[in-house]
Amino acid sequence: MTAINVLISGASVAGPALAHLLHRDGYRVTVVERAPAVRGGGYAVDFRGAAFEVLDELGVLAEVRAHDTAMRGTALLDEAGAESGRLPAEAFAGELEVPKSDVTRILHRITADDVEYLFDDSIVALTEHGGGVTVEFEKAATREFDLVFGADGVYSRVRRLAFAPHEQVLHHLGMSGAGFTTGNFLGLDREGVLQPAGNTAVYLFSAGDPERLTVSLSFATDSPALDRRPRAEQQDAVRTAFAGRGWQVPRLLDAMAQAEDFYFASTCQVQLDRWSNGRIALLGDAGYCAAPTSGMGTSQALLAARSLARNLAAANGDHRTAFAAYEAELRPYVAENQARGREAVALFGGQASEG
Ligand SMILES: Cc1cc2nc3c(=O)[nH]c(=O)nc-3n(C[C@H](O)[C@H](O)[C@H](O)COP(=O)(O)OP(=O)(O)OC[C@H]3O[C@@H](n4cnc5c(N)ncnc54)[C@H](O)[C@@H]3O)c2cc1C
């Protein structure tokens with residue numbers, strides 16, 4: 001019997017985790033990734049609950065644990081910078097927190113020998129027909145696959161091509177933020193400080209590299225598309241939002257202008273009525289991003305990969321049955337995570353909202 005031939009778009013968390021499990025189950029797996037190599041992102045991600053079982057099933061639990069940032073907690077500061085309270089480590093670091101670059105590097109490594117990776121490429125067209133899906137790429141030649149999975153994040157190309165345009169499914173939570181690193185001028189040691197003031201919040205922490213401070217400057221905004229604008233415009237929006245703020249804010253704004261690792265993220269959720277369309281299915285942030293404020297995106301991506309692999313195995317490869325079972329199994333968990341993502345926006349300068 002010839003192996004079922006699948007394509008996964010996205011080589012971050014959900015993509016390589018699914019690739020590993022499907023290869024183990026006898027599938028032929030190709031992963032296409034837009035970036036020229038696996039990329040991390042300057043932030044750390046946390047793991048909670050059943051995600052540990054998936055890390056174990058992937059055979060990487062001990063290795064991932066070895067990169068624990070071992071955060072000790074976060075001090076809440078008033079506007080003058082005096083401590084007004086404390087949040088325990090679990091609030092932002094879950095049960096285990098690891099730099100995202102370590103997670104993606106490890107997941108890539110365990111699949112690299114068995115899975116074909118097409119880096120620096122992207123799907124441009126998907127045409128489903130009776131027996132499979134014809135996939136056109138930006139660079140690679142057109143190919144046929146039995147199944148296609150979109151694990152390509154909040155701005156998923158697979159979702160846009162096979163489900164709906166971004167504006168129909170992306171829900172901005174009214175908050176955006178800039179992130180970057182700078183020298184650890186506060187001398188923080190595996191701890192964070194959070195200073196909410198009005199519609200803004202400064203969150204600083206040092207983890208992993210004691211020389212560096214990770215900075216997040218978040219603020220309420222009703223401009224969801226800012227994260228697709230040029231960097232200068234994003235930095236202007238940050239400066240406007242934080243104008244007049246005291247404490248270390250002027251120094252942080254200066255550091256932002258110099259930062260080489262600056263990124264900007266609008267806090268969005270993805271809401272879709274269906275996570276599959278024929279032979280094409282979505283997983284992770286592409287299908288149901290819960291927003292970074294949920295702290296659940298990485299766990300969710302891992303659980304999604306396991307659920308898809310298990311349900312495909314249980315349905316003997318019948319994708320319709322498997323995709324329906326995957327969705328039924330994961331919907332309640334995702335709904336909980338998304339509610340959590342909406343609530344937590346209030347901690348970072350936004351306003352908590354209902355679903
Ligand atoms: C600032 C910030 C802080 C966060 N903090 C946390 C946290 O503390 N805890 C937590 O659990 N989660 C956190 N998250 C969220 C977490 O990173 C995601 O939920 C998780 O990475 C989802 O994994 P994924 O594999 O579904 O998607 P992603 O990690 O978004 O990966 C998508 C992949 O697809 C690739 N891609 C995109 N477009 C294409 C294309 N057209 N073709 C091919 N490839 C493409 C991308 O390059 C990327 O490699 C945070 C996110 C951000 C932005």
Side-chain angles (χ1 to χ4, degrees), residues 7-19 30-49 51 69 71 90-101 103-105 107-108 117-126 135 137-140 148-161 166 175-180 192 203 205 207 214-218 227 261-270 282-305 334 337-338 340-341 344 348:
L7 175 68
I8 300 171
S9 177
S12 176
V13 180
L18 181 65
T30 302
V31 177
V32 58
E33 163 61 50
R34 187 176 55 185
V38 184
R39 62 179 179 201
Y43 51 92
V45 291
D46 34 11
F47 298 93
R48 292 177 163 90
T69 58
M71 285 291 282
E90 310 82 77
F92 294 150
E95 294 162 56
L96 169 69
E97 185 188 62
V98 173
K100 188 177 178 198
S101 50
V103 178
T104 50
R105 184 179 45 74
L107 292 177
H108 173 252
Y117 275 91
L118 304 174
F119 282 106
D120 201 14
D121 206 349
S122 176
I123 297 171
V124 290
L126 292 164
V135 181
F137 297 93
E138 262 167 35
K139 295 185 177 148
V148 174
F149 296 94
D152 42 3
V154 184
Y155 289 103
S156 167
R157 174 77 62 90
V158 171
R159 191 185 66 224
R160 181 166 69 67
L161 292 172
H166 295 324
M175 189 198 106
S176 294
F180 56 94
Y203 175 47
F205 65 90
T214 301
V215 182
S216 157
L217 301 174
S218 53
D227 63 354
D261 52 2
F262 174 86
Y263 65 84
F264 191 92
S266 291
T267 308
C268 289
Q269 293 190 331
V270 173
L282 301 171
L283 70 157
D285 277 8
Y288 30 79
C289 175
T293 45
S294 72
M296 294 304 292
T298 312
S299 296
Q300 200 168 258
L302 291 174
L303 261 69
V334 165
N337 296 338
Q338 292 196 328
R340 188 181 165 133
F348 297 95

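Values below: every heavy atom of this structure, side chains too, minus hydrogens, waters and symmetry copies. Just follow the structure's listing: the first ligand is 1, and inside any ligand the first atom is 1.
Residue-ligand proximity, G295 to ligand 1, at heavy-atom distances under 4.0 Å covers atoms 9 (N), 10 (C), 11 (O). The distance from ligand 1 to the heavy atoms of V32 drops below 4.0 Å at these ligand atoms: 43 (C), 44 (N).
From the protein, the heavy atom lying nearest to atom 13 (C) of ligand 1 is V45 CG1, 3.8 Å. The protein non-hydrogen atom at the shortest distance from atom 12 (N) of ligand 1 is T298 OG1, 3.4 Å. Counting only heavy atoms of the protein, atom 27 (O) of ligand 1 lies nearest to G153 CA, 3.9 Å. The single protein non-hydrogen atom nearest to atom 31 (O) of ligand 1 is S12 CB, 2.9 Å, given as residue, atom name and distance. Scanning the protein for heavy atoms near atom 18 (C) of ligand 1, the closest one is D285 OD2, 3.2 Å. Here the heavy atom of the protein found nearest to atom 42 (N) of ligand 1 is S122 OG, 3.3 Å. D152 CB, 3.8 Å is the protein heavy atom nearest to atom 36 (N) of ligand 1.
Which of Y155, Y263, F264, Y43 comes nearest to atom 52 (C) of ligand 1 through a heavy atom is settled by distance: it is Y43. Looking at E33, H108, R34, it is E33 that brings a heavy atom closest to atom 35 (C) of ligand 1.
Inclusion of D46 in the set of residues having an N or O under 3.5 Å from an N or O of ligand 1 is warranted. Below 3.5 Å of separation, one finds an N or O of A14 facing an N or O of ligand 1. Here's the thing with L283: none of its N/O atoms is less than 3.5 angstrom from an N/O atom of ligand 1.
If you look at R39 next to ligand 1, the close heavy atoms, those under 4.0 Å, all belong to the side chain. Neither the backbone nor the side chain of S156 has a heavy atom within less than 4.0 Å of ligand 1. Neither the backbone nor the side chain of Q300 has any atom closer than 4.0 Å to an atom of ligand 1 (non-hydrogen atoms only).
Q269 places no side-chain N or O within donor-acceptor distance of the main-chain N or O of C289, the cut-off being under 3.5 Å. Under a 3.5 Å cut-off, the side chain of Q338 and the backbone N or O of V270 do form a donor-acceptor pair. In this structure, the side chain of S218 engages the main chain of F348 through a donor-acceptor pair within 3.5 Å.
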Could you list the donor-acceptor pairs under 3.5 angstrom formed by side chains in residues 297-305, with sequence neighbours left out?
unit_1	atom_1	unit_2	atom_2	d
S299	OG	R48	N	2.9
Q300	OE1	N337	ND2	2.8
Q300	NE2	Y288	O	3.1

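In this structure the side chain of E33 never reaches within 4.5 angstrom of the side chain of V38, judged on heavy atoms. Between F205 and F92, every side-chain heavy-atom pair lies at or beyond the 4.5 Å cut-off. For the pair V103 and F47, the minimum side-chain heavy-atom distance is below 4.5 Å.
At least one heavy atom of A44 sits closer than 4.0 Å to an atom of ligand 1.
When the side chain to side chain donor-acceptor pair (under 3.5 Å) test is applied to S156, the partners found at least two apart in sequence or on another chain are D152.
For the atom pair OG1 of T69 and CG of D46, the computed distance is 8.5 Å after rounding to the nearest 0.5 Å. In this structure, the separation between CZ on F137 and OG1 on T30 is 7.0 Å, given to the nearest 0.5 Å.
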